[in-house]
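Heavy atoms only: backbone and side chains are in, while hydrogens, waters and symmetry mates are out. Nothing fancy with the numbering, it's 1 onward along the sequence.
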Amino acid sequence: MQQLLNGVFLGAIYALFAIGFTLVFGILDRLNLAHPAVFAAAAFIGIELVTGGGLSIWIALPLVALIGAVLGLIIERVAFRPLRGRPDAHFGGLISSIALAGMFGALLLWRYGPDTRRFPADTFPATALEVMGARVTLLQVLILAISLLLMVGLTWLVARTRLGRGMRAVAENPEAATVLGINVNRVTATTFALSSALGAVAGALFAMNVNSAQLGMGTAIELKGLAIIIVGGMGSLPGALVGGLILGLAEVFAVQYIGSSWRDLVAFGLLFLLLVLRPQGIFGSKRVREV
């Protein structure tokens with residue numbers, strides 16, 4: 001039971017990161033590889049807000065989300081919008097987002113140095129609960145609650161609101177959406193802002209969970225995020241959630257019963273097996289090729 005709960009808590013963070021990834025990919029058909037840099041930057045910024053700014057974590061987290069949204073707007077405006085309309089826009093955006101991620105990484109190194117940063121010990125109460133014989137900290141409950149709340153809120157926004165309808169229209173056909181009076185630039189920028197805000201919150205929660213922020217933490221989770229959105233179904237928000245939970249559980253049980261060195265092998269092996277059995281992903285649908 002203890003490992004099951006640990007896997008769920010870890011998977012919730014993975015899912016939150018992957019949902020930010022898949023929001024841009026699923027709606028705009030763009031792969032934003034600067035997303036992991038936002039994840040890492042948010043962890044360092046969150047720690048600085050708490051340690052240097054003297055803010056409580058309840059104030060720091062919304063500020064981290066806001067800063068993440070601003071970074072998302074910068075990514076969209078600098079790395080993707082200038083390339084729109086070019087025949088190689090997909091590949092060009094991919095490369096330019098990698099370049100921007102490298103710039104963000106250099107700025108983090110300049111500002112914070114290469115050392116690991118940590119939240120202060122009194123950032124969050126060390127209260128623990130007993131659930132069916134397993135120990136669950138109040139921080140883990142908070143992480144799961146925030147992740148689920150943001151996931152449900154985003155799903156509702158995409159499915160039920162005017163902005164969500166605009167997102168789905170742009171995803172279906174940007175030219176037709178423009179004819180219908182939808183401001184494609186605004187919808188695109190908002191999508192990037194929401195995506196990066198989710199990635200920023202995931203980065204801060206991850207740093208709180210492991211009490212560590214490192215420059216390479218975004219790169220370490222990048223491949224996992226890509227694997228999650230593919231296994232869950234390209235562009236599927238529920239698929240990203242389920243894929244994140246599967247990966248988190250696989251990693252935790254691999255460490256517990258086999259060894260930490262086998263963690264990635266078991267986790268990615270399981271994801272590979274799922275793709276072999278269902279190539280379109282858990283919530284994906286088969287595409288019919290038209291001739």
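If you chain together hydrophobic residues whose side chains sit under 4.5 Å apart, L249 and V255 never meet in one group. I258 and L265 fall within the same hydrophobic cluster, defined by Ile, Leu, Val, Met, Phe, Trp and Tyr side-chain heavy atoms under 4.5 Å apart, directly or through other members. Residues I19 and L157 fall within the same hydrophobic cluster, defined by Ile, Leu, Val, Met, Phe, Trp and Tyr side chains chained together at heavy-atom separations under 4.5 Å. Note on V152 and L149: separate hydrophobic clusters, where clusters join Ile, Leu, Val, Met, Phe, Trp and Tyr whose side-chain heavy atoms are under 4.5 Å apart, directly or indirectly. L16 and W156 fall within the same hydrophobic cluster, where Ile, Leu, Val, Met, Phe, Trp and Tyr residues are linked whenever their side-chain heavy atoms come under 4.5 Å apart, directly or through other members.
The minimum heavy-atom distance linking T137 with R135 is given by the pair CG2-NH1, 3.5 Å. Nearest heavy atoms, A34 versus A101: CA-CB, 3.8 Å. Here the shortest heavy-atom pairing between G203 and M217 reads O-CE, 4.1 Å. Across A197 and A65, no two heavy atoms sit closer than the pair CB-O, 3.5 Å. Contact between A43 and A213 at its shortest, heavy atoms only, is CB-CB, 3.9 Å. Between A40 and L215 the shortest heavy-atom distance is CB-O, 4.2 Å.
Taking CG of L144 as the reference point, atom CD1 of I13 lies at 9.5 Å (rounded to 0.5 Å). In this structure, the separation between CZ on R117 and CD on Q214 is 12.5 Å, given to the nearest 0.5 Å. Note: T51 OG1 to I47 CD1 = 7.5 Å, rounded to the nearest 0.5 Å. In this structure, the separation between CG on N211 and CZ on F206 is 11.5 Å, given to the nearest 0.5 Å. The distance from atom CD1 of I98 to atom CG of L33, rounded to the nearest 0.5 Å, is 5.0 Å. Atom CE of M167 is separated from atom CZ of R162 by 13.5 Å, given to the nearest 0.5 angstrom.
Between Q140 and V8, the closest side-chain pair of non-hydrogen atoms is not below 4.5 Å. Looking at heavy atoms from C-beta onward, I230 lies out of side-chain contact with F25 at the 4.5 angstrom threshold. You'll find the side chain of Y14 stays beyond 4.5 Å of the side chain of L245, heavy atoms only. At least one side-chain heavy atom of F119 sits less than 4.5 Å from a side-chain heavy atom of I57. For the pair L150 and L154, the minimum side-chain heavy-atom distance is 4.5 Å or more. By the 4.5 Å heavy-atom criterion applied to side chains, L31 and L226 are counted as neighbours. In this structure the side chain of L142 never reaches within 4.5 angstrom of the side chain of L138, judged on heavy atoms. The shortest side-chain heavy-atom distance between I74 and F192 does not fall under the 4.5 Å cut-off.
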Could you walk me through whether D264 and L223 satisfy the side-chain contact (heavy atoms from CB on, under 4.5 Å) test, starting with their C-alpha distance in whole Å, then the side-chain angles of each, then the deciding distance to 0.1 Å, before giving a yes or no?
CA-CA 11 Å; D264 289 341; L223 185 58; over 6 Å; no

Passes side-chain contact (heavy atoms from CB on, under 4.5 Å), F39 versus E222? Steps please.
CA-CA 9 Å; F39 178 86; E222 179 178 14; over 6 Å; no

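Side-chain atoms of T191 come within 3.5 Å of backbone atoms of V187 as a donor-acceptor pair (strictly under, hydrogens ignored). Of the possible polar contacts, none joining the S97 side chain to the N32 backbone as a donor-acceptor pair under 3.5 Å is found. Using modelled atom types, no side-chain atom of T22 and backbone atom of A18 make a donor-acceptor pair closer than 3.5 Å. Between the R168 side chain and the V158 main chain, a donor and an acceptor come within less than 3.5 Å of each other. S196 contributes no side-chain N or O that, together with a main-chain N or O of A193, makes up a donor-acceptor pair within less than 3.5 Å.
The aromatic rings of F21 and F17 lie perpendicular to each other, with more than 60° between the two planes, well past the 30° mark.
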